[in-house]
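So the structure is just underneath, and the comments pick up after that.
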Amino acid sequence: MSMKTKVAAGIFGLAVAVSVVPVSAEVLRVMSGQASGALNVPMNRAVVVESDVPFSELSIANPGIADISTISDRTIYVLGKAPGRTTLTLLSAEGKLISNVDVHVTPDIAEFKERLAQILPNEKIEVRTANDGIVLSGTISSTARLDRALDLARRYAPDRVSNLMVVGGTQQVMLKVRFAEMQRSVSKGLSASIRAGGSSGNWSGGILGGPNNTANNIPGGSFTSAAQGALGLGFSSGPYQLGILLEALESKGMVRTLAEPNLTALSGQEARFLAGGEYPIPVMQNGGGTGGNSITVEYKPFGVELNFTPYVVDGDIINLQINAAVSSIDTTVSVPTGAGSQINGFKRRETTTTVEMRDGESFAIAGLLQDDFRNSASQVPWIGDVPILGALFRSTDFMRNQSELVIIVTPHLVSPVRGEALALPTDRVRIPTESEMFLYGDMAKPARGAAGEVARQDFSSSYGYVME
C-alpha cells in the first residue's frame with residue numbers, strides 16, 4: 001500500500017470515529033461523604049450517574065417514574081419514564097449507604113424551546129416544567145404572539161399549559177364614534193271647498209291669514225281653514241249664494257343630529273356607554289290564582305348607546321366588536337294602554353359589527369340613504385278631471401322625506417396621564433360673586449389660571465374638548 005493510500009485510509013478512519021462518538025449527556029457524579037445534587041431526567045431520555053466508589057447494590061423508590069440499569073460497578077444508566085420525583089439509593093459491599101440521589105423526571109421541553117425560538121425569535125419567554133405540564137412566563141409584545149406561543153405549547157402538553165405571560169405595550173383603547181344624520185322633509189298641498197247658500201248678499205272676498213280662521217263674511221257660508229294661507233271668494237244673487245275657499249300649503253323642515261361619544265376600555269374587556277334616559281312602560285301582570293291583575297313599570301333606555309370590546313391583536317392593530325345605537329322617543333307613534341294613557345314609540349338607528357384597523361384609522365361602519373315619497377289626490381268624480389276648472393273640485397297632497405345617516409369609528413391606543421394634566425369643561429368657568437351677578441349681570445366668569453386662559457381665548461367659539 002502506497003503512502004498516499006495509507007494517508008487517505010487514516011483520514012477516513014478518523015472521520016468515521018468522530019462521527020460515531022456520542023454527544024456528551026448529562027452526568028451526575030456522586031462523591032463519597034458528600035451530599036449529591038438533584039438529578040434532572042427528561043422523560044423518555046437517559047442520564048448517566050457516576051460514583052467515585054464502587055457500589056454493590058442500588059434501588060429506585062418508584063420504578064414507574066424512572067428505570068435504572070448498571071453499566072459498571074461505578075456507572076448507572078437512569079431512564080425517565082413518567083413525570084414525578086423519586087429516590088435512587090446506592091449501597092457499598094459492606095451494606096453502607098453511599099448516597100441518596102433525588103431523581104426528578106420532567107417532560108422533555110428541549111424541542112419545544114427550539115421551535116418557540118424559531119417561531120417567536122425576539123420574544124423573551126421563559127419555559128419551565130411543573131409536574132407533567134409546561135409553564136410559560138415572561139413579557140410578550142402582543143396578544144397574537146401570546147396565542148401562537150400557547151397554541152404551540154398545547155401541541156407538546158395538551159391541557160397542561162399554565163400561562164403566566166404578560167402582554168407588554170399599550171393595551172388600553174379609546175374608541176371615538178361619530179353619529180351624523182340629516183333629515184329633510186318637504187310637503188305641499190292644494191285643496192278647494194265650495195259652498196252654496198240661499199241668503200241674499202253682495203260680492204265678497206277676503207284672505208284668511210292664520211289657522212282656524214272662519215270666513216263668516218263669505219256669502220256662501222262659513223268656512224274653517226287650518227292652513228297658513230287661504231283665499232275665500234263669495235257671490236250672491238237674489239236668493240242664491242256661492243262661496244269658494246282655496247287652501248295652499250307648503251312646508252319645509254330639516255333636522256341635524258350629531259353625537260360623538262368617546263369610551264376607553266382595556267384590551268379584551270367590554271365597555272358600555274349611555275347618554276340619554278329611560279322611558280317608563282307599564283306592563284300588565286297576571287295575578288294568577290289571586291284573581292286580580294297588577295301593573296308594573298319597566299324602563300326602556302334611549303339616547304346614545306355604545307358597547308364595544310377591543311382586542312389589541314399585534315402592535316397597533318386593533319380588533320373591535322361594536323354595538324352602537326342612537327334612539328329617541330317618537331311622538332308620532334303611540335299605543336293606548338286602556339287606562340287613559342298612551343305609550344310612544346321609538347326611533348332607533350343601530351349597528352352591530354366587527355372590524356379591524358390600526359391606531360388612528362377610521363372606518364365608516366354603517367350608512368343609510370332613505371327617500372320616502374307620498375302623493376295623494378281626492379276629487380269629485382268626473383268634474384275633478386276637467387282641466388283647470390277641475391282644480392276647484394280636487395285636493396292634492398305631496399310629501400317627501402329624505403334621510404342620510406353615517407356612523408364612523410376611530411380607535412386610539414391610549415395611556416394614562418397625571419390627573420393635573422387633564423382639564424374638565426367645568427374648570428373653565430367659575431361661579432360669579434353677588435356683585436358681579438347683580439351689578440354687572442354676569443352669569444358666568446372665566447376661571448383663573450391656565451384653564452381660564454383657554455376659556456378667554458375660545459369662550460365664544462365652538463364648544464368641545466381636546467385630549468392628547
Side-chain angles (χ1 to χ4, degrees), residues 17-120 123-138 146-165:
V18 172
S19 64
V20 298
V21 172
V23 178
S24 59
E26 180 180 351
V27 177
L28 177 68
R29 296 186 180 275
V30 178
M31 308 297 292
S32 178
Q34 296 182 7
S36 62
L39 179 64
N40 295 319
V41 184
M43 192 170 60
N44 299 323
R45 297 183 65 181
V47 173
V48 176
V49 177
E50 292 183 351
S51 176
D52 65 333
V53 295
F55 56 86
S56 62
E57 184 179 351
L58 56 92
S59 63
I60 191 75
N62 189 347
I65 295 178
D67 194 7
I68 57 174
S69 61
T70 58
I71 300 176
S72 66
D73 61 349
R74 294 175 182 265
T75 309
I76 308 166
Y77 188 81
V78 181
L79 175 65
K81 297 174 65 177
R85 289 180 178 270
T86 187
T87 303
L88 173 64
T89 302
L90 286 74
L91 299 177
S92 65
E94 294 81 12
K96 293 183 179 180
L97 177 65
I98 297 177
S99 179
N100 282 327
V101 180
D102 186 15
V103 180
H104 185 198
V105 179
T106 60
D108 187 7
I109 59 175
E111 182 183 1
F112 170 64
K113 288 183 177 180
E114 294 176 2
R115 297 293 179 267
L116 192 62
Q118 293 172 358
I119 297 174
L120 303 172
E123 300 295 338
K124 299 179 180 179
I125 303 177
E126 298 179 3
V127 182
R128 298 183 178 88
T129 59
N131 197 6
D132 60 344
I134 296 177
V135 179
L136 302 178
S137 60
L146 172 66
D147 294 337
R148 293 175 198 159
L150 293 177
D151 189 29
L152 181 62
R154 295 187 187 101
R155 292 282 184 177
Y156 290 87
D159 301 325
R160 299 190 306 276
V161 179
S162 298
N163 177 27
L164 301 180
M165 293 183 291

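All values below come from the heavy atoms of this structure, side chains included, with hydrogens, waters and symmetry mates left out.
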Does any pair with a residue in residues 38-47 pass salt bridge (Lys or Arg N to Asp or Glu O under 4.0 Å), and if so which ones, sequence neighbours excluded? Arg45-Asp108
Quick one: side-chain hydrogen bond (donor to acceptor under 3.5 Å, both in side chains) partners of Ser69, sequence neighbours excluded? none
Determine whether Asn163 and Leu146 make a side-chain contact, defined as any pair of heavy atoms from C-beta on separated by less than 4.5 Å. yes
Taking all heavy atoms of Val41 and all of Gly80, pick out the closest pair and write down the distance. CG1-N, 3.4 Å
Non-neighbouring partners of Thr89 that pass side-chain hydrogen bond (donor to acceptor under 3.5 Å, both in side chains), sequence neighbours left out: Asn100
Applying side-chain contact (heavy atoms from CB on, under 4.5 Å), can you list everything that pairs with Thr129, at least two apart in sequence or on another chain? Thr106, Pro107, Ile109
Could you check whether any side-chain heavy atom of Val78 comes within less than 4.5 Å of a side-chain heavy atom of Val48, counting everything from C-beta outward? no
Output the distance between atom OG1 (Thr70) and atom CG (Leu58), rounded to the nearest 0.5 Å. 6.5 Å
Quick one: pull up OG in Ser51 and CD1 in Ile98 and give me the separation to the nearest 0.5 Å. 5.0 Å
Partner residues of Ser137 under the side-chain contact (heavy atoms from CB on, under 4.5 Å) criterion, sequence neighbours left out: Glu126, Arg128, Leu164
Side chain to side chain contact (heavy atoms under 4.5 Å, CB included), that's the test. Do Leu90 and Ile76 meet it? Break it down for me. CA-CA 10 Å; Leu90 286 74; Ile76 308 166; 3.7 Å; yes
Worked check of side chain to side chain contact (heavy atoms under 4.5 Å, CB included) between Ile119 and Leu152: CA-CA 9 Å; Ile119 297 174; Leu152 181 62; 3.8 Å; yes
State, to 0.1 Å, how close Ala82 and Met43 come at their nearest heavy-atom pair, and which atoms those are. CA-SD, 4.0 Å
Distance-minimising heavy-atom pair for Ala66 and Val103: CB-CG1, 4.2 Å
Output every pair passing salt bridge (Lys or Arg N to Asp or Glu O under 4.0 Å) with a member in residues 80-98, not counting sequence neighbours, ordered by first then second residue. Arg85-Asp102
From Leu136 CG over to Leu116 CG, what is the distance, rounded to the nearest 0.5 angstrom? 7.0 Å
Closest non-hydrogen atoms of Val135 and Ala130, given as atom of the first, atom of the second and distance, are CG2-CB, 3.6 Å
Under the rule for side-chain hydrogen bond (donor to acceptor under 3.5 Å, both in side chains), what residues qualify as partners of Ser56, not counting sequence neighbours? none
Which residue pairs pass the ring-ring contact (aromatic ring centres under 6.0 Å, His included) test when at least one of the two sits in residues 55-108, sequence neighbours left out? none
Residue pairs meeting salt bridge (Lys or Arg N to Asp or Glu O under 4.0 Å), one or both in residues 57-77, sequence neighbours left out, come to none
Rounded to the nearest 0.5 Å, how far does OG of Ser59 lie from CG of Leu88? 7.0 Å
Not counting sequence neighbours, which residues clear side-chain contact (heavy atoms from CB on, under 4.5 Å) with Glu114? List them please. none
For Asn44, check side-chain contact (heavy atoms from CB on, under 4.5 Å) against everything at least two apart and list the hits. none
Would you compute the distance between atom OG1 of Thr86 and atom CG of Leu39 and round it to the nearest 0.5 angstrom? 11.0 Å
Mind checking what makes salt bridge (Lys or Arg N to Asp or Glu O under 4.0 Å) contact with Arg148, not counting sequence neighbours? none
